[in-house]
Every structure is written in structure tokens, then in C-alpha cells.
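What follows is a set of notes on a single structure, which appears directly below.
Just so it is clear, the model here is predicted, and its values are computed rather than measured.
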Amino acid sequence: MATTGPESVVRRYYEFVDADRYDDLVELFAEDVYYERPGQPTIEGRGALREFYESGRPLEDGTHEIHSIVVEGPTAAVRGSFTGNRYGEQVRFGFADFHEFEDEVITRRYTYTDRDEV
């Protein structure tokens with residue numbers, strides 16, 4: 001596995017989110033990051049991203065399993081599954097995330113799941 005580049009950055013992202021390492025996590029993103037999830041408010045900026053992970057995310061105590069990563073130009077597409085808790089209920093669902101990069105930081109992120117409200 002490469003130590004730099006989009007694939008390495010997205011692998012670290014999932015490692016950091018699963019370990020609740022939010023200081024490290026937000027450093028992977030640009031100051032003006034834009035994060036979109038269908039049916040949910042757009043998250044804009046590192047401060048809003050940190051707030052989302054610290055207190056607005058409905059998922060907790062979980063792990064991401066990466067099934068595949070495809071990097072094409074400045075975009076890394078990730079397909080995987082998440083197992084954890086959502087509002088105290090055990091959940092497992094698939095996801096597809098798209099991370100757009102500039103200078104090895106994530107500038108835009110899009111998440112799609114087979115569930116709502118994640």
C-alpha cells in the first residue's frame with residue numbers, strides 16, 4: 001500500500017473515523033471542504049465537518065470494511081460496508097464514497113448508502 005496519494009489518504013480516513021480520531025481526520029480535508037450526503041444538509045468547511053463527526057453523526061461504535069478503491073485522476077471511489085450502531089440499533093449497510101483531491105487533501109466528499117440518514 002502506498003504511503004501517499006489518494007488511496008492512502010482514504011484508507012487513513014476510514015481508520016481515523018473508526019477510531020474516533022477526529023483531529024487526525026479533519027487534517028485530511030481542505031479548509032473549505034464540501035461534503036454531500038443525499039437527503040442531508042451539505043457540510044461546508046473543516047469546522048462544520050469536525051462538528052458533524054463529534055456530535056452530528058448518527059453512527060457510532062462501528063467499523064468500515066473497504067471492498068474496493070478505484071483512483072482515477074483526482075478522484076478516489078470507495079465501495080464498502082459499515083457495521084455499527086445507529087441511535088442504539090445495530091446496523092450493517094453498504095456504501096459508496098467519492099473523494100475529490102487537490103494537493104493530497106480531500107476537497108469534496110460524497111457519500112451514498114443503501115440506507116437513509118447516515
How long is the gap from CD on E44 to CZ on R108, to the nearest 0.5 Å? 8.5 Å
Path from V17 to V26 over hydrophobic side-chain contacts below 4.5 Å: yes
Mind checking what makes side-chain contact (heavy atoms from CB on, under 4.5 Å) contact with V9, not counting sequence neighbours? R12, L28, F101, I106
Side chain to side chain donor-acceptor pair (under 3.5 Å) filter on Y112, not counting sequence neighbours, yields none
Is there a ring pair (Phe, Tyr, Trp, His ring centres under 6.0 Å) between F82 and F95 once you walk through the steps? CA-CA 7 Å; F82 174 83; F95 68 86; 8.0 Å; no
Distance in Å, I43 CD1 paired with F29 CZ, rounded so as to fall on 0.5 Å steps: 9.5 Å
Could you pull out all residues at least two apart from D32 that satisfy salt bridge (charged side-chain N to carboxylate O under 4.0 Å, His left out)? none
With sequence neighbours left out, write down each residue that passes side-chain contact (heavy atoms from CB on, under 4.5 Å) with E51, or none if nothing qualifies. S55
Residues forming a side-chain contact (heavy atoms from CB on, under 4.5 Å) with E27, sequence neighbours excluded: R46
Listed pairs under 3.5 Å, donor-acceptor, residues 63-77 side chains, sequence neighbours left out:
{"unit_1": "H64", "atom_1": "ND1", "unit_2": "D18", "atom_2": "OD1", "d": "2.6"}
{"unit_1": "H67", "atom_1": "NE2", "unit_2": "S81", "atom_2": "N", "d": "3.4"}
{"unit_1": "H67", "atom_1": "NE2", "unit_2": "S81", "atom_2": "OG", "d": "3.1"}

Go through the structure and list residues passing side-chain contact (heavy atoms from CB on, under 4.5 Å) with N85, not counting sequence neighbours. E60, D61, Q90
Let me confirm one number: the CD-OH distance from E100 to Y110, rounded to the nearest 0.5 Å. 4.5 Å
Spatial distance of atom OH (Y53) from atom CG (D20) [nearest 0.5 Å]: 11.5 Å
Does the side chain of R37 pick up a donor-acceptor pair with the side chain of T111 at under 3.5 Å? no
Does the side chain of Y35 reach to within under 4.5 Å of the side chain of L49, using non-hydrogen atoms? yes
Contacts of Y14 that satisfy side chain to side chain donor-acceptor pair (under 3.5 Å) - sequence neighbours left out: D97
Check whether D114 reaches the backbone of G94 with its side chain - one donor and one acceptor, N or O, closer than 3.5 Å. yes
Can you list everything that forms a salt bridge (charged side-chain N to carboxylate O under 4.0 Å, His left out) with R21? Sequence neighbours excluded, please. E15, D24
Taking the six-membered ring of F52 (Phe, Tyr or Trp), confirm whether the NZ or CZ of R50 is under 6.0 Å from its centre and within 45° of its axis. no
Just checking, any donor-acceptor pair under 3.5 angstrom between side chains of R109 and Y13? yes
